[in-house]
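Remember, it's 1-based here, ligands and their atoms both numbered in the order they're listed. Residue numbers start at 1 and run along the sequence shown. The figures here come from the full heavy-atom set of this structure, side chains too, leaving out hydrogens, waters and symmetry mates.
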Amino acid sequence: MSVLTLRGFLESLKSRPIQSYVEPHLKQLNIVCGNESADFDSVSSALSYAYFDYLYKQQQQEQLYEGTSTKNKKCNPLLPVINIPREDLKLRKDIVLMLNKEYCISEDLLYFQDDLITWKSDKQLTINAVLVDHNELVNKSLELVDNVTGVVDHHVDATLYMKADPRIIKVTGSCTSLVMNYWYNLIEDKSSMVDMIKFMYGALLLDTANFRHKVEAPDRSALNHYYEISGGFETSTTMFNRIDFKSTGDDGFFKTLKKAKKDIKGLSVRDVIRKDYKQFVFDLSGTNGDRMIVGIGSMVKSLKWLYKQYDGINQFRKECDLFREGNQLDLLVIMSSYNDKTQDMFTREMGLVCSSEKKEIVSSMIKGMIPLLKLEPWQKNSNNDNNDDNDDSQSLDRTEGSLSQSCFWEFRQLNVEASRKQAVPIMKQILGHL
Ligand SMILES: [Mn+2]
């Protein structure tokens with residue numbers, strides 16, 4: 001087998017029309033996609049899963065036709081799909097940096113949600129999907145995907161698609177670790193796997209804050225595989241040579257990615273929310289089938305920084321409320337995480353905005369979350385431009401004027417281990433019992 005690269009793989013996919021990947025009689029198309037936040041981990045997991053699947057299928061073909069002169073080269077690949085509109089990729093500067101700079105992969109070599117919509121509606125295809133970095137279809141994906149054929153994920157198990165194969169759901173820092181560990185055991189010739197490593201290692205660094213948080217056994221074994229696989233092969237990529245697997249202290253690679261991830265220059269509040277956003281429908285406990293539509297945007301800046309950047313707390317709240325209304329949400333949650341340099345401490349904050357009709361429900365939900373997420377009153381910026389509103393964050397904090405119909409809260413979240421991944425099941429649980 002000749003050595004392949006991720007770029008080579010994507011180019012070969014794009015060199016053929018989509019129709020050529022369709023199972024002729026069944027009108028089925030096989031894809032792999034990450035979750036709808038399309039963060040670095042999701043994109044890396046989807047691309048690596050598709051790439052490794054392709055390597056494995058090639059290996060099987062070669063074994064099947066070993067010794068015969070007529071090699072059947074036909075193999076139906078899994079298409080990696082990035083689960084956001086194409087235009088939203090540019091908001092994720094960490095991913096764009098990795099793709100463009102390290103892999104010379106431009107947007108046109110990738111498939112997006114827009115493509116999936118076209119395949120589904122114009123071509124009337126049945127979509128079979130492997131889900132990576134999530135284990136439950138939600139929102140748009142529910143309409144677009146017909147069958148779930150595999151799951152590799154590190155979120156709470158929704159116990160769906162029990163016949164999916166593989167079905168791997170384990171606690172890990174990065175989902176890419178599970179992808180690596182799965183394919184490592186199946187692919188014999190590891191030489192073509194090398195090209196994928198820096199993308200996967202990047203996800204591992206970002207998801208564990210450079211090995212400071214949430215490093216689990218599967219992450220360690222993936223790291224060993226990266227080290228072992230790359231040790232045996234020459235690589236010409238400069239970035240890759242800069243990766244020092246053993247030192248986790250001052251890693252230039254991590255800092256470069258983190259900086260790109262945090263770069264929100266030129267983005268509107270709406271863009272900053274959409275950059276890492278997920279939407280949920282939570283059932284309420286009542287018998288009348290009431291539901292709450294909740295959007296959660298994760299941000300890697302402090303609330304104070306965001307307020308300063310976007311013309312103050314009231315302006316920021318107003319933009320958030322517009323986003324909430326525009327997306328027909330009952331509640332928008334902003335989960336902020338950052339390193340507080342003054343105390344060298346990883347810090348989390350939470351901002352919430354809901355319509356006034358949902359004020360009571362959200363207040364009750366917050367009461368339930370306070371002990372679990374260790375929510376504490378948020379310390380307001382000492383700037384005196386908001387000095388007259390008594391912001392005891394646990395009580396209702398209304399702002400005047402056009403925002404009078406909405407309610408806002410801000411908290412410091414002392415349970416810093418709980419990211420969105422942990423906060424969502426907590427919210428779901430509380431709302432289901434109100
Ligand atoms: Mn993930």
Side-chain angles (χ1 to χ4, degrees), residues 32-52 80-84 88-89 91-92 94-95 98-99 113 129-139 141 148 150-158 160-161 164 166-183 196-223 226 254 257-258 260-262 274-280 296-300 335 337 346 348 416-426:
V32 51
C33 63
N35 70 50
E36 61 170 348
S37 77
D39 66 354
F40 197 100
D41 193 37
S42 265
V43 173
S44 180
S45 295
L47 291 174
S48 54
Y49 193 99
Y51 181 59
F52 292 161
V81 174
I82 300 180
N83 211 352
I84 42 166
D88 286 2
L89 181 68
L91 307 177
R92 293 154 176 82
D94 47 349
I95 301 171
M98 186 55 107
L99 287 168
Q113 202 180 63
V130 173
L131 310 184
V132 287
D133 206 17
H134 62 318
N135 65 72
E136 182 175 10
L137 293 168
V138 290
N139 305 322
S141 306
V148 172
V151 176
V152 178
D153 184 34
H154 62 156
H155 291 78
V156 173
D157 190 345
L160 299 168
Y161 328 117
R167 192 178 187 287
I168 301 166
I169 302 176
K170 282 185 191 167
V171 178
T172 48
S174 169
C175 182
T176 56
S177 300
L178 299 175
V179 174
M180 185 62 189
N181 297 341
Y182 174 66
W183 289 107
M196 200 63 233
I197 291 179
K198 57 181 176 285
F199 214 139
M200 304 179 86
Y201 183 64
L204 181 54
L205 288 176
L206 283 174
D207 281 351
T208 60
N210 203 9
F211 295 97
R212 282 193 298 242
H213 297 281
K214 302 187 177 178
V215 182
E216 303 288 343
D219 297 309
R220 292 184 203 286
S221 83
L223 186 63
Y226 298 150
F254 170 70
L257 289 177
K258 187 77 187 173
K261 183 177 177 175
K262 285 168 76 171
R274 285 192 304 148
K275 188 177 172 311
D276 188 351
Y277 176 76
K278 285 187 184 175
Q279 199 168 302
F280 304 88
I296 308 180
S298 298
M299 299 181 188
V300 284
M335 290 189 73
S337 65
F346 183 68
R348 285 189 184 277
V416 291
E417 291 301 311
S419 65
R420 181 169 57 197
K421 197 181 284 118
Q422 288 75 32
V424 165
I426 289 175

N, O or S atom of [X] closer to the Mn ion (ligand 1) than 2.8 Å:
{"X": "His154", "value": "yes"}
{"X": "Asp41", "value": "yes"}
{"X": "Asp133", "value": "yes"}

With sequence neighbours left out, the residues meeting ring-ring contact (aromatic ring centres under 6.0 Å, His included) with Phe280 are Phe282
Is it true that atom NZ of Lys170 has more than 12 heavy atoms of other residues, nucleotides or ligands lying nearer than 6.0 Å?
no
For Phe199 and Phe40, take the angle between the two ring planes, folded into 0 to 90°, and tell me which bin it lands in: parallel under 30, tilted 30 to 60, perpendicular over 60.
tilted
Would you check if the side chain of Asn135 reaches a backbone N or O of Val156 as a donor-acceptor pair within less than 3.5 Å?
yes
